[in-house]
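A short worksheet on the structure shown next.
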Amino acid sequence: VIYARALGDTLRHTLEADPRVVMLGEDILDPYGGAFKVTRGLSTDFPTRVRTTPISEAAIAGVSAGLALAGYRPIAEIMFGDFVSLCFDQIANHIAKYGAMYDGAVTCPVVIRTPSGGGRGYGPTHSQSLEKHFLGLPHLRVVAGSLWHDPVTLFDGFLADDLPVLHIEHKLLYPLQVATNGDASLATIGRDGSRGFPPTVSIRLVAREDCSLTVVAYGYQAELARRVLERLAIEEELFAELLVPAQLSPVDWAPLERSVAATGSLLTVEESTGGWSWGTEIAAELGSRLFGRLRRAPSVLASARDVIPSAPDREAETLVGERQIEAAVREAAA
Amino acid sequence: MTASLETLDRRIDERLMGAFGEPRDARLYRRMRFIRRFEETVLALFEEGLLNGTTHACIGQEADAVGLMEHLRDGDHLFSNHRCHGHFLAWTGDAFGLLAEIMGKPAGLCAGIGGSQHICAPGFKSNGVQGGIVPAAAGIALAEQLRGSDGLSVVFLGDGTLGEGVVYETLNLTALWQLPLLLVLEDNGWSQSTPSSLNLAGDIAARFTAFGLPVVEVAGTDVLEIEAAAGEAVAGCRARQGPGVLVIHTYRLCHHSKNDDHRPVEEVQLRWAYDPLVVHAIRLDPDERTGIDREVDDALEDCVTRARRL
């Protein structure tokens, strides 16, 4: 089953399992079913709880906030991750604030889902990975879907928790098959993590002690990193452990620290623009925690600090791809 | 402090809100006087150095909240803004909780985290960013609609808030979905230091009617006129189980927050002639009025004394 379908099935599951779930978003009604078809079929079966909205991202987030304050479990879709900028005030000054600033008297468990990332030629304002601007906001969870995290488990976790969530869905994951345990892949897939966090997935072809590098990546970049590492392992016996967290912020440090302590080298991979990013935060923290135990300074791979061109060749030069990952892995594994 | 004392402290003080069955004119006057004296007390405590941060007094606008509250009931929900003290006090009467909050005490409404403009109580919330509370209030109205309950969601805006885009997004959604949301717009003519003439194009009511939202408009500071207009607006919302707007053209007699008033002195002085307390006080027997004034002052003094001990 492809990721988009798994996600749609998950949303259907939440509507069936929890009468408090209400979905808001632009163009999510059937027969269209959302710009990326994730919500297709839901409005037909849940007409009052799956609602199309005007082109009003701030109001989508704000109305979701009110629903959540009143005991509902809104799951909002923002059509493109780029448009989450229009929700920033609602997320930073309202949704993530209410619980803490009212000293715990209320909760505001809004889930905002948004398709992000490039690779489809949509150009400068429909291709970005803006999630880095939300990382570190107190009382907000930022979670990125991957092929190795079962969306049902993730969303059940969101609904069981009282914190708001920004859920990032890379567009290029939608048509890919989700991985299940015992896949055809040669790799060993493990899970590690602390209480209260979604598991961090570990993918490697050899024992951790035989890996010369830990690569940390999320979303679609994690799939690209897996392809690169599998190729390098088979063709050149260059072994690295790939760690794929679902939750970007707050970070579950323990599984990352355990791996990097064993391999002695860290490379982070993300699609957002370089600098002030997820990767720089991880590099700084692990560099500090494991100072003296690393073979080399941590490496951070991110996309060019530029707009994302629409032209395919120029877009490929701008965004992190397999070529850049391979070069960074070779350097960091040395 | 023990739980029982806490409960005692939070009990509605009849000296501030009026005993059950108090005649309407006396009750309205008492509550306006309560809000006025609370705001003056807070400003005095600031001068004394007992408070930190900031506050936005609603002196001159007391009749808005007091008149409206005559028509709201349990099950309704209020969302207010930076200038929220009057709304909160008229709804709950909890002077001690708010004072302790503004003083930054653990016994405050939000343990001192929220301060003057971020407060929460049953059926009441406020937040300090302009405009952003409007969709949240609409979301609460949507929740009421989905539940099939008859609760009304009420949100307070100022004329300055009409500069925020999210307000119009919400007006559109509210009208489309016929949400049980009452928007109460207090137009006090000044957005912080900037007059409406530099901030606001066109007509205020027309902004709402453009979305098909019914508007009740009242100009002035007479609490009876405001109470009647609020009654009409609330009754309309309840009858339609849908949205409505109450526009009140009023005036802020005090500064925006603290010591920041650069408005023409003559303009403000002229407006003091229409002080809502003065306008309404003539309807009361002078002795009765003096008695109410004394009770309110005594009750607030008790509050301050208790709060100082925290």
Side-chain angles (χ1 to χ4, degrees), chain A residues 15 19-26 46-76 83 85-110 138-139 164, chain B residues 75 77 79 97 101 105-115 117-149 151 153 155 164-177 179-181 211:
Chain A
L15 284 160
R20 302 172 304 167
V21 170
V22 176
M23 289 179 196
L24 305 176
E26 295 158 7
F46 303 91
T48 57
R49 292 162 62 205
V50 177
R51 309 172 73 100
T52 194
T53 70
I55 304 175
S56 303
E57 288 81 8
I60 292 171
V63 168
S64 297
L67 280 169
L69 289 170
Y72 280 81
R73 288 287 178 158
I75 301 179
F83 310 160
S85 59
L86 294 159
C87 308
F88 192 81
D89 174 59
Q90 280 299 325
I91 295 173
N93 284 324
H94 297 267
I95 292 169
K97 287 268 192 304
Y98 285 124
M101 81 179 181
Y102 295 155
D103 193 34
V106 302
T107 60
C108 193
V110 174
H139 311 291
Chain B
H77 186 281
F79 226 125
E101 180 63 29
K105 304 294 185 185
L109 295 164
C110 300
I113 298 167
Q117 50 185 339
H118 317 96
I119 57 182
C120 179
F124 188 97
K125 293 174 189 68
S126 74
N127 198 357
V129 184
Q130 291 294 297
I133 61 169
V134 183
I140 290 171
L142 176 57
E144 300 295 345
Q145 189 183 64
L146 289 169
R147 276 193 195 107
S149 73
S153 177
V155 63
E164 297 288 1
V166 71
V167 172
Y168 302 93
E169 295 186 14
T170 309
L171 295 183
N172 185 45
L173 255 173
T174 299
L176 274 172
W177 294 353
L179 299 177
L181 176 69
F211 291 96

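Source: prediction; values computed, not measured.
For the atom pair CG (A:Asp103) and CG (B:Leu109), the distance works out to 10.5 Å, reported to the nearest 0.5 Å. A distance of 7.0 Å separates CG of A:Leu24 from CG of B:Leu142, quoted to the nearest 0.5 Å.
Residues in residues 53-67 of chain A take part in no side chain to side chain donor-acceptor pair (under 3.5 Å) pair, two or more places apart or across chains.
For the pair A:Leu67 and B:Ala143, the tightest heavy-atom approach, listed with the atom from each and the gap, is CD2-N, 3.7 Å. Minimum heavy-atom separation, B:Ile140 to A:Gly66: CG1-O, 3.4 Å. Scanning all heavy atoms of the two residues, the minimum distance from B:Pro135 to A:Gln90 falls at CG-NE2, 3.5 Å. A:Met101 approaches B:Cys110 most closely through the heavy-atom pair O-CB, 3.5 Å.
For a residue to count as touching a neighbouring chain, one of its non-hydrogen atoms must lie under 4.5 Å from one of that chain's; by this rule B:Tyr168 does not touch chain A. Interface remark: B:Gln145 contributes side-chain atoms only to the contact with chain A (heavy atom separation under 4.5 Å). For chain A, the nearby part of B:Leu176 is the side chain; its heavy atoms alone come within less than 4.5 Å. For a residue to count as touching a neighbouring chain, one of its non-hydrogen atoms must lie under 4.5 Å from one of that chain's; by this rule A:Asn93 touches chain B with backbone and side chain alike. Contacts between A:Ala100 and chain B at a heavy-atom distance below 4.5 Å involve the backbone alone (N, CA, C, O). Heavy-atom distances place no part of B:Ser149 under 4.5 Å from chain A, backbone and side chain included. Neither the backbone nor the side chain of A:Leu86 has a heavy atom closer than 4.5 Å to any heavy atom of chain B.
Residues A:Asp89 and B:Val166 are not in side-chain contact: their nearest non-hydrogen atoms beyond the backbone lie 4.5 Å or more apart. Proximity of A:His94 to B:Ile133: side-chain heavy atoms (C-beta onward) are separated by under 4.5 Å at one or more points.
Of the listed residues (A:Pro54, A:Pro74, A:Cys108, A:Ala65), the greatest number of heavy-atom pairs within a distance under 4.5 Å of chain B belongs to A:Pro54. Taking B:Asn172, B:Leu146, B:Thr170 one by one and counting their heavy-atom pairs under 4.5 Å with chain A, the maximum is reached by B:Leu146. The greatest number of non-hydrogen atom pairs below 4.5 Å with chain B, out of A:Ile55, A:Val106, A:Val63, A:Leu69, is found for A:Val63. With respect to chain A, the highest number of heavy-atom pairs below 4.5 Å among B:Glu144, B:Arg147, B:Glu101, B:His77 belongs to B:Arg147.
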**OP:** Begin from the C-alpha positions of A:Lys97 and B:Asn127 and carry the test side chain to side chain contact (heavy atoms under 4.5 Å, CB included) through to its verdict.
**Re:** CA-CA 10 Å; A:Lys97 287 268 192 304; B:Asn127 198 357; 5.5 Å; no
